[in-house]
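Below is one structure; the comments refer to it alone.
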Amino acid sequence: MAKLLLIEDDAETAGDVLDDLRGRGHEVVWTATGPDGARAARDGGWGAIILDRMLPGRDGLSVLQDLRRDGDRTPALVLSALGDVDERIRGLRAGGDDYLAKPFALAELAARIEALLRRPVDSRETVLHVGNLAIDLIAGTGRRGARDLELLPRELKLLEYLMRRPGQIVTRAMLFEEVWNYRFTPKSNLIDVHVGRLRRKLEAGGEPPLIHSVRGTGFTLTPDG
Amino acid sequence: MVDRLRSADLFRSTAIRWALGIALWSLLLALAMFAFVYWQTADYLREELAETLRLEVRAAAADPGVAATRVDTWIAMDVHATHYGGLFAPDGTRRAGNLGALPARLARDGDAYRVSATVDLAGRSLQDEIWAAALALADGSTVVIAHDTDEIDRVKATILRALGLGLVPTLALSALGGLLLTSRARRRLAATEAAVAEVMRGDLGKRLPVGPGDDEFDRLTRTVNRMLDEIEHLMGEVRSVGDAVAHDLRTPLTRLRARLERTRSQARTVAEFHEAIDQGLVWIDQTLAMVTAVLRIGEMEDGRRRGAFTRVDLGEVAAVAVEFHAPLAEEKDIDLALAAPDGPHPVHGDRDLCFEALSNLLDNALKFTPPGGRVAVGLQRTEAAIVVTVADTGPGLPPGERSQVFHRFYRAEAARQTPGHGLGLSLVAAIADLHGAPVAIRDAAGGGCHVELRFPHAEAEAGPRTARSAPSITSGPSSP
């Protein structure tokens with residue numbers, strides 16, 4: 001599907017990530033040190049780069065900074081062990097497009113890579129359609145087929161996020177960051193409760209489901225048929 | 001350390017150095033005094049003799065006719081042959097007396113001088129040091145009256161010897177005094193060192209011996225003891241947190257292990273394996289969440305996150321948090337409401353952490369409030385602070401447990417059955433402390449729990465705070 005570069009010094013982690021991403025159909029190249037990673041990244045042609053913050057030989061962020069200075073805009077996801085608080089801010093400032101703290105679920109990484117690979121094409125569009133579902137962001141209204149949907153502002157936002165990424169798996173953490181705009185891991189299953197309510201509204205007329213749960217990962221909105 | 005004091009390093013010990021110093025100083029004082037006494041005595045003796053000589057020479061010169069007789073009388077006055085004298089003609093020939101010749105360079109002014117002269121003694125001619133006074137007579141001759149210096153020299157030597165002999169006991173006494181004075185300090189130092197050595201070996205309960213007085217040493221010892229109290233307290237806290245972490249981690253891990261073992265031997269279908277794996281993942285996520293929470297609390301107690309503080313509108317945070325929890329409240333048939341005045345509620349802080357704190361409080365309130373109950377979130381702007389309150393109609397907390405709920409891993413006995421890792425409120429406490437916001441917990445009007453966080457206004461919160469975590473938690477009686 002996509003050609004990915006993984007720069008990660010820990011062989012265990014790298015092995016798991018490689019297996020998982022290859023299992024999902026990606027072509028992944030692995031380098032274990034900063035200088036090797038920098039060289040590989042410079043070769044170009046990558047769909048996305050996953051790089052660890054701490055690398056032997058050279059810091060991951062400096063590799064990324066150099067890449068950005070040369071005008072390379074390849075989407076990059078920064079991995080880092082938890083510990084330093086403004087790690088994430090630094091990661092994003094250095095040119096990272098997303099950030100994931102270790103330990104992470106492989107499904108979370110895969111979903112975020114997917115999101116980076118398939119960035120919403122045009123975010124200026126204000127009327128979105130998926131199957132027979134349509135929402136108007138300006139008017140704040142939604143319709144499923146001929147049926148009007150009564151959506152709360154947050155539900156509209158949630159639906160918008162899902163509809164801009166049809167068929168793509170989004171994780172709970174991604175939803176929480178993008179829809180509620182806060183960053184932390186809620187302990188309870190509150191995201192599920194919110195999605196469940198939205199789902200009930202979408203299927204109130206007995207229509208087939210649009211939002212599907214992905215076991216152990218999150219949700220995906222797929223047009224029926 | 002203690003042993004070393006007694007052996008080779010004796011002279012490096014402060015006490016010994018002090019004793020030596022004191023001894024040396026008293027020795028110097030004694031020497032100075034002795035020198036003064038010696039000088040005064042010698043001076044007196046010399047002056048006495050000089051006066052005698054001056055009188056004698058004047059008497060002898062008063063009447064030139066009897067000058068020779070006076071000289072002889074002066075010489076004869078003394079049986080020890082210490083008196084000298086002479087009458088010399090203008091050409092230098094001796095007319096009377098026992099001086100061999102007129103001493104050269106002796107001023108003839110009647111005053112006494114110490115000179116070297118040749119004396120005739122028992123028929124022999126000797127060179128000797130003498131004190132002599134000379135006067136010229138009217139006929140040009142010179143009369144000299146002199147005295148041996150031996151006597152004064154002997155007295156001086158005697159005094160010197162006496163003083164020298166006196167020095168030995170003085171030195172001994174002052175050294176002894178110094179030792180006595182410093183040995184007390186040395187004993188206290190040794191006792192303190194022994195105690196410190198025991199603390200260093202791991203006996204944190206050991207304290208330094210404190211004297212009854214209030215000198216610098218006692219004060220220092222008391223301060224060190226207070227420091228040891230604090231260290232012991234902290235160590236205890238760390239140990240109990242460690243125990244709690246280990247205990248709470250062991251539970252899901254034990255379950256996981258049992259489940260894996262059972263599945264391996266009993267599961268037949270792929271579905272059964274999948275089910276076991278899914279359950280295992282849930283338990284692992286629980287333990288990971290716990291570890292993450294512990295790390296985050298530690299990180300916050302570090303205070304580094306304060307560097308990323310910005311202006312945060314607590315009104316917006318509270319609104320989103322309440323909205324976020326609304327479906328859960330609805331499902332449990334709990335009335336969740338936010339009461340806040342219009343306008344922004346700015347504080348200086350971390351937006352995500354504020355949300356997390358409020359979210360944890362809401363989570364907790366919703367967990368313990370029975371269906372049909374009410375959870376009220378309030379926001380007030382007071383002179384000193386922006387006050388966030390979360391009140392529920394749950395069972396409330398006994399006063400004794402109020403401050404404990406904010407400690408890591410504490411869970412009220414009644415809550416043992418409820419899921420959760422017992423770190424939610426510890427995180428709240430850590431976040432509140434990071435923001436300089438005291439946490440108060442008391443009975444709500446309806447009998448439930450009332451938690452209050454007082455955030456300083458955005459402008460007020462300037463420099464870093466000094467107080468650390470736990471002390472900012474207070475508990476009080478029922479709110480009015």
Side-chain angles (χ1 to χ4, degrees), chain A residues 16 20 80-93 99-108 151-158 171-173 175-201 213-218, chain B residues 274-275 277-278 280-282 284-296 298-300 302-309 316-317 319-321 323-332 350-360 362-364 366-367 419-421 423-424 427 431 434:
Chain A
D16 289 340
D20 184 73
S80 172
L82 181 114
D84 221 66
V85 278
D86 29 50
E87 197 81 315
R88 178 176 162 267
I89 300 167
R90 261 187 276 159
L92 298 186
R93 215 172 268 160
Y99 171 93
L100 199 54
K102 289 179 185 175
F104 52 83
L106 289 169
E108 181 79 40
L151 297 171
L152 298 171
R154 189 74 62 185
E155 289 168 339
L156 194 70
K157 235 183 144 186
L158 183 53
T171 64
R172 291 174 182 81
L175 283 178
F176 193 63
E177 281 162 28
E178 301 299 329
V179 177
W180 277 270
N181 204 16
Y182 280 97
R183 210 165 230 287
F184 92 113
T185 325
K187 293 189 299 278
S188 44
N189 52 348
L190 272 167
I191 302 279
D192 292 69
V193 176
H194 279 276
V195 173
R197 278 154 69 98
L198 178 61
R199 194 185 273 157
R200 278 196 296 280
K201 285 187 180 178
S213 295
V214 182
R215 200 185 173 85
T217 312
Chain B
H274 278 173
E275 197 202 324
I277 289 170
D278 286 345
L281 287 175
V282 169
I284 285 175
D285 284 346
Q286 274 174 14
T287 50
L288 276 180
M290 204 184 297
V291 172
T292 307
V294 172
L295 287 176
R296 297 195 58 223
E299 179 185 287
M300 268 180 272
D302 237 14
R304 270 183 300 171
R305 193 145 181 173
R306 231 176 266 136
F309 272 16
E316 191 255 354
V317 173
V320 177
E323 187 231 271
F324 187 56
H325 286 81
L328 194 66
E330 230 167 85
E331 274 184 7
K332 277 195 77 178
D350 184 305
R351 195 169 158 273
D352 293 335
L353 290 181
C354 288
F355 186 91
E356 183 169 359
L358 199 53
S359 188
N360 280 346
L362 280 175
D363 208 61
N364 213 54
L366 290 171
K367 203 187 291 174
H421 51 52
L423 284 168
L427 268 169
I431 292 170
L434 188 73

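Per chain, numbering begins at 1; letters A, B, ... match sequence-line order. This structure is a prediction, so every number in the text was calculated from the model and none was measured.
Between the B:D350 side chain and the B:L353 main chain, a donor and an acceptor come within less than 3.5 Å of each other. The main-chain N or O of B:P327 is never found under 3.5 Å from a side-chain atom of A:H194 such that the two would form a donor-acceptor pair. Side-chain atoms of A:R154 come within 3.5 Å of backbone N or O of A:V179 as a donor-acceptor pair.
For a residue to count as touching a neighbouring chain, one of its non-hydrogen atoms must lie under 4.5 Å from one of that chain's; by this rule B:L281 does not touch chain A. Heavy atoms closer than 4.5 Å to chain A are found nowhere in B:D285, neither backbone nor side chain. Within the 4.5 angstrom heavy-atom criterion, only side-chain atoms of B:E330, from C-beta onward, approach chain A. Looking at B:V317, the atoms closer than 4.5 Å to chain A (heavy atoms on both sides) sit in the backbone and in the side chain alike.
Qualifying side-chain contact (heavy atoms from CB on, under 4.5 Å) partners for A:A105, counting only residues two or more places apart in sequence or in other chains: A:E108.
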